[in-house]
Amino acid sequence: MHTGQWPTTIGEALAVQEELRGRVEFADDCPELPPTVTGLDVAYDEGDGIAAAVVTLETAGLTVVEARTHRAKAVFPYEPGLFAFRELPPLLAALGRLEREPDVLVCDGHGLAHPRRFGLACHLGVLTGRPAFGVGKTRFVGTHGSPGPSRGMSVPLVDAGEEVGAVLRTQDGVKPVYVSAGHRIGLAHACRLTLALTPRYRLPETTRQADRLSRAALR
DNA sequence: GCGACAG
DNA sequence: ATCTTGTCGC
């Protein structure tokens, strides 16, 4: 799957990031939804123990098709902008245990809405070759107004004059989420998928499932 | 120089 | 990320 030798220092990580950034593929909008969606998340304990979880759901119905986990030790410190180097190792290991190839990866974090336009979702997409996008709970970069109050409304997320994502309301009157393309998927499609994954809660069902599973795998 | 800073 | 009590609303 992946013979990972990961960067140990910030300098090395920045170099890897810069190199991989050029491999991001953009995509035109796609009208139909993929048959499945795969969510990923990582949980941490009080020390340096971490657990990654990946959960594949049937897009129509949101029922679990397959789920995998992987426990490990954190090898890279949390550094804003280099987040991927901390979570990617265990996430890729868990992904490697899936029997069914993911149609699209839904990441908990940002994609292009990143200082150097290469957030976790981009990194995950490039390394796996699968379409990927990010759904973040809080802003990282960019400015934006307030999206309308109802579910489905959104406003562009702009950073340095570029539209890097969308601030999307997934539930009426609830704090919006930050959606951004990662790899081989357009922003409009990512937003449509996000809405399909949030029939009831603020966060995508994929993220919710992966979150609970990663926590459970931690013990 | 002073904040801000995905999870 | 994770640690936490109470509280408001359906």
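All chains are named by letter (A, B, ...) in the order of the sequence lines, taking the proteins before the strands, and each is independently numbered beginning at 1.
- Base contact: A/Gly81 has a heavy atom under 4.0 Å from a base atom.
- Distance alone, capped at 3.5 Å, is enough to place a donor-acceptor pair between the A/Arg116 side chain and the A/Gly81 backbone.
- By the 4.5 Å heavy-atom criterion applied to side chains, A/Phe140 and A/Pro115 are counted as neighbours.
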Protein-proximity profile, nucleotides 1-6 of chain C, B/S/- by nucleotide at the 4.0 Å heavy-atom cutoff, equals SS----

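- A stem is defined here as three or more consecutive Watson-Crick or G-U pairs, each with both distances under 3.5 Å; DNA chain C has none.
- Note: CG (A/Leu91) to C1' (B/dG7) measures 11 Å, nearest angstrom.
- Residues from residues 158-167 of chain A that place a heavy atom under 4.0 Å from any atom of DNA chain B: there are none.
- A/Arg200 has its CZ atom 13 Å from the P atom of C/dC10, to the nearest Å.
- With hydrogens and angles ignored, the 3.5 Å screen pairs a side-chain donor or acceptor of A/Glu66 with a backbone N or O of A/Glu99.
- By the 4.5 Å heavy-atom criterion applied to side chains, A/Asp159 and A/Arg117 are counted as neighbours.
- The side-chain contact (heavy atoms from CB on, under 4.5 Å) search around A/Thr36 returns A/Thr56, A/Arg100, A/Asp103, not counting sequence neighbours.
- Between A/Glu205 and A/Arg208 there is a salt bridge, with a side-chain nitrogen of the basic residue lying less than 4.0 Å from a carboxylate oxygen of the acidic one.
- Residue pairs meeting the side-chain hydrogen bond (donor to acceptor under 3.5 Å, both in side chains) criterion with at least one member in residues 74-94 of chain A, sequence neighbours excluded, are A/Tyr44-A/Glu87.
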What verdict does the side-chain contact (heavy atoms from CB on, under 4.5 Å) test give for A/Leu14 and A/Gln17, after you've listed the backbone C-alpha separation in whole Å, the side-chain angles of each residue and the deciding distance to 0.1 Å?
CA-CA 5 Å; A/Leu14 286 171; A/Gln17 198 169 71; 4.1 Å; yes

Give the dot-bracket line for DNA chain B from 5' end to 3' end: parentheses for intra-strand Watson-Crick or G-U pairs under 3.5 Å, square brackets for crossings, | for inter-strand pairing, dots for unpaired.
.......

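- No side-chain heavy atom of A/Val135 sits less than 4.5 Å from a side-chain heavy atom of A/Leu168.
- Using a 4.0 Å heavy-atom criterion, one finds that A/Leu82 contacts the bases of the nucleic acid, with or without backbone contacts as well.
- Under the 4.5 Å side-chain criterion, counting only non-hydrogen atoms from C-beta, A/Pro34 is in contact with A/Leu193.
- Annotation: side-chain contact (heavy atoms from CB on, under 4.5 Å) contacts of A/Ala121 (sequence neighbours excluded): A/Cys107.
- Across the protein-nucleic acid pair, A/Gln171 atom CD and C/dG9 atom C1' stand 15 Å apart, rounded to whole Å.
- The CD1 atom of A/Ile50 lies 8.0 Å from the CG atom of A/Leu91; values are rounded to the nearest 0.5 Å.
- Taken to the nearest 0.5 Å, the CG atom of A/Leu195 stands 8.5 Å off from the OG atom of A/Ser154.
- Ring-plane geometry between A/His123 and A/Trp6 is classed as tilted, the angle between the planes lying from 30 to 60 degrees on a 0 to 90 degree scale.
- Not counting sequence neighbours, the partners of A/Ala93 by the side-chain contact (heavy atoms from CB on, under 4.5 Å) test are A/His70.
- Listed in residue order, the members of residues 113-124 of chain A having a heavy atom less than 4.0 Å from DNA chain B are A/His114, A/Gly119, A/Leu120.
- Linking ILVMFWY side-chain heavy atoms closer than 4.5 Å, directly or via other members, places A/Phe76 and A/Leu40 in a single hydrophobic cluster.
- Applying the side-chain hydrogen bond (donor to acceptor under 3.5 Å, both in side chains) definition to pairs two or more places apart or across chains, those involving residues 163-190 of chain A are A/His144-A/Tyr178.
- Applying the side-chain hydrogen bond (donor to acceptor under 3.5 Å, both in side chains) test to pairs two or more places apart or on separate chains, those with a residue in residues 192-202 of chain A are A/Asp29-A/Arg192, A/Arg151-A/Thr198.
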Under 3.5 Å between N/O atoms: give me all the protein pairs with nucleotides 2-5 of chain B, atom names plus distance.
unit_1	atom_1	unit_2	atom_2	d
B/dC5	OP1	A/Arg139	NH2	3.4

